[in-house]
> 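I have a structure I would like to understand better, so I am pasting it below and will then ask my questions one at a time.
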Amino acid sequence: MQLVLVESPAKAKTINKYLGKGYEVLASFGHVRDLPAKSGSVDPDHDFRMLWEIDPKAQKRLNDIAKAVKGADKLILATDPDREGEAISWHVLEILKQKKALSKQAIERVVFNAITKQAVTEAMAHPRTIDQALVDAYLARRALDYLVGFTLSPVLWRKLPGARSAGRVQSVALRLVCDRELEIERFVSKEYWSLVATLATPRQETFEARLVGADGKKLQRLDIGSGAEAQAFKDALETATFAVASVDSKPVKRHPPPPFTTSTLQQEASRKLGFAPAHTMRVAQRLYEGVDIGGETVGLITYMRTDGVQIADEAITATRRVIEADYGARYVPGSPRRYETKAKNAQEAHEAIRPTDLGRRPSETKSYLDADQAKLYELIWLRTMASQMESAELERTTVDITAKVAARLLELRATGTVVNFDGFLALYQEGHDEDPADEEARRLPQMSAGERLTKREIKADQHFTEPPPRYSEASLVKRMEELGIGRPSTYASILQVLKDRKYVRLDKRRLYPEDRGRIVVAFLESFFLKYVEYDFTADLEEQLDLISNSEIAWREVLRDFWRDFLGAIDGTKDLKISQVIDALDDLLAPHLFPPREDGTDPRVCPTCGNGRLSLKLSKFGAFIGCSNYPDCRYTRSLTAPGNGAEAADRKLGVDPTTGLDVMVRSGRFGPYLQLGEQVEGGDKP
């Protein structure tokens with residue numbers, strides 16, 4: 001008998017059917033042991049010895065596995081095809097050795113990129129040994145995360161009351177969100193105007209053209225900065241004569257995007273389906289492990305944790321066959337499309353995420369899936385199909401127009417794009433965080449140089465520049481990938497941790513940093529800047545990749561990191577909380593005390609009128625308080641005036657019984673009602 005070990009019971013059930021007699025398939029239910037959450041689990045003084053603890057929930061399963069192994073001729077480790085899967089196989093093998101369950105059994109490692117009969121049969125025919133380099137990369141990553149979390153978090157607790165924790169990658173992701181918020185707060189909006197003329201050809205076909213130049217000078221977007229300037233141009237255009245100066249039409253091709261990687265799947269599912277990255281991965285896991293379709297359990301997609309954009313030759317052939325059947329030969333390129341991973345940090349060479357059978361159309365599977373599974377499967381199917389379709393053929397036309405009035409020469413421009421052949425656009429268009437200008441909808445009438453045009457309407461519109469948008473979960477994942485921070489298997493969990501610890505909140509699909517998140521980032525930037533720098537974190541990820549390629553020893557990476565990190569920790573031992581408060585008060589000043597419109601000092605206490613407002617820390621967290629405490633008990637939450645705090649400090653009216661004012665105040669725990677004011681020597685109101 002041959003024992004096959006996989007991660008999930010759903011996968012075990014499916015693979016058992018494929019393998020048949022002579023095999024027993026058991027599930028580990030994911031990780032079976034981890035570093036205990038206590039000091040000393042990683043010991044730098046003993047060459048980073050790691051003390052593992054078996055998950056109590058896994059104990060019975062491991063006993064069952066050990067019992068089954070003793071009666072088996074061969075142990076086949078078939079956990080997931082990534083670093084985590086390699087690590088689980090390694091952990092199980094180490095535990096079986098400790099239990100003395102192994103004697104003469106052959107031990108093999110196989111990976112299933114898809115849970116289909118063909119993929120499973122092929123994988124079983126090509127076993128290998130455990131990849132120790134991948135295990136070493138896992139050990140290094142796990143040790144680094146532990147050392148940062150369990151060394152830095154206690155410093156936070158001691159020096160920053162109310163803080164929860166810090167993490168090697170999560171803190172850098174949080175810094176991205178906080179830095180973007182700071183950009184928004186510091187942003188100064190500028191006024192600008194645009195002038196658009198609605199013109200008609202001699203055939204009475206209308207179109208719009210924008211003012212782009214005046215008297216030989218090009219006008220940039222922000223050049224017309226006042227209503228008076230705009231009105232002067234408008235007046236000139238109202239009496240101008242218009243003519244076509246030139247028409248430039250260029251054929252352009254738009255190529256399809258590659259099939260999904262983990263990152264691009266999370267981004268697109270967020271944009272198009274509104275799925276959180278963690279939810280996307282849960283649904284994808286179910287599609288990968290197998291769904292009951294007509295009495296047969298079938299894995300619908302290939303493995304969903306991957307950096308690769310290539311797909312197998314047989315899948316390309318099948319895709320091209322379906323495209324021709326559904327859309328015709330015109331939509332099939334002359335040769336198959338080949339994609340290469342651009343990310344410098346690409347992990348294992350797995351296929352992109354694709355359907356296991358392209359002939360299994362979304363309409364055929366919908367009745368067997370729940371709503372979210374059906375939506376995600378359709379998205380993956382469409383993207384895979386589109387990736388092998390012919391490019392869209394467009395014609396981009398630019399019409400330059402002159403407007404002559406008196407001694408002036410004004411220049412206008414009209415642009416438009418015509419789709420001559422839709423190609424992959426017939427099936428799929430990539431989503432965007434920001435709505436792009438829909439050029440395809442802007443068709444221009446036929447025009448020729450020298451043709452006279454008739455004015456129909458001149459519009460001058462006022463605009464204001466806008467700050468950069470807050471990150472969505474999709475755009476944050478994209479930015480992390482661009483910077484080389486984190487890996488496919490970590491994006492979803494990083495975002496989930498930030499939300500669970502209330503460092504960020506998701507509102508209308510945008511990420512807002514909470515005050516406690518900003519405090520933590522400000523602390524780390526003040527005293528551990530190196531460890532939240534984007535380049536440093538990305539460089540460390542590259543070193544982990546070098547470990548997985550057997551190019552560097554994992555303990556060597558840990559030694560270099562620990563030496564410098566320990567020095568940074570030691571540098572905070574004599575740090576007083578008052579120094580921390582002063583540093584954070586200074587760093588967060590633009591957020592806490594933005595300039596007031598009336599020019600008065602934003603730090604003046606609104607209650608006593610002469611106290612100075614500053615950041616305070618208590619065991620419950622941070623708040624803003626008055627320097628005249630205890631004589632003045634004014635407090636408010638960290639929310640900056642203009643963002644809700646000043647609106648909370650207001651008089652509601654007079655209590656008819658006591659004649660005292662009834663006010664809304666904003667405190668460290670949020671808004672509260674107050675009757676009367678503090679009187680010196682008297683009771684608190």
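Side chains are part of it too, since the values below use all heavy atoms of this structure and drop only hydrogens, waters and symmetry mates.
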> What I want to find out is whether Glu86 reaches Arg109 closely enough, with some N-O distance under 4.0 Å, to be called a salt bridge.
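Looking at Glu86 and Arg109, the cut-off is met.
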> For the residue pair Asp539 and Gln543, confirm or rule out a side-chain donor-acceptor distance under 3.5 Å.
no
> Give a yes or no answer on whether the side chain of Arg510 reaches the backbone of Arg470 with a donor-acceptor pair at less than 3.5 Å.
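Indeed, once roles are kept as given, a pair shorter than 3.5 Å links the two residues.
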> Work out which heavy atom in Leu511 is nearest to a heavy atom in Leu506; give both atom names and the distance.
CD2-CD1, 3.7 Å
> Looking at OH of Tyr471 and CZ of Arg180, how far apart are the two atoms once the value is rounded to the nearest 0.5 Å?
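Reported value, rounded in 0.5 Å steps: 4.0 Å.
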> Below 30° counts as parallel, above 60° as perpendicular, anything between as tilted: where do the rings of Phe421 and Tyr331 land?
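Aromatic pair Phe421/Tyr331 classed tilted.
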> If only atom types and distance count, is the side chain of Thr319 paired as donor or acceptor with the main-chain N or O of Ala315 below 3.5 Å?
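Yes; at least one donor-acceptor contact below 3.5 Å.
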> With distance as the sole criterion, is a donor-acceptor pair present between the side chains of Tyr327 and Glu390 under 3.5 Å?
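The answer is no; no qualifying pair exists.
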> Can you see whether Thr306 engages Thr261 through a side-chain donor-acceptor pair at a distance of less than 3.5 angstrom?
no
> Locate the shortest heavy-atom distance separating Val25 from Ala12; write the atom from each residue and the value.
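Closest approach of Val25 to Ala12: CG1-CA, 3.6 Å.
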> Give me the atom names and distance for the closest heavy-atom approach of Ile494 to Ala173.
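That would be CG2-CB, 3.7 Å.
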> For the residue pair Glu481 and Ser263, confirm or rule out a side-chain donor-acceptor distance under 3.5 Å.
yes
> What are the two closest non-hydrogen atoms of Ile65 and Leu3, and how far apart are they?
O-CD2, 4.0 Å
> Within 45 degrees of the ring normal and closer than 6.0 Å to the centroid, is that where the cationic atom of Arg83 sits relative to Tyr138?
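No - Arg83 does not lie over the ring of Tyr138 by the 6.0 Å and 45° rule.
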> Is a side-chain donor-acceptor pair under 3.5 Å present for Ser391 with Arg337?
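A pair is found: one side chain offers a donor N or O, the other an acceptor, under 3.5 Å apart.
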> Anything under 3.5 Å between a donor and an acceptor, one on a side chain of residues 276-290, the other on a protein residue two or more places apart or in another chain? List them.
unit_1	atom_1	unit_2	atom_2	d
His279	NE2	Asp372	OD2	2.7
Thr280	OG1	Ala276	O	3.3
Gln285	NE2	Glu289	OE2	2.7
Arg286	NH1	Gly290	O	2.3
Tyr288	OH	Phe112	O	2.7
Glu289	OE1	Ser8	OG	3.3
Glu289	OE2	Ser8	OG	2.8

> Looking at Arg383 and Arg354, would you say the former's side chain and the latter's main chain have a donor-acceptor pair under 3.5 Å?
no
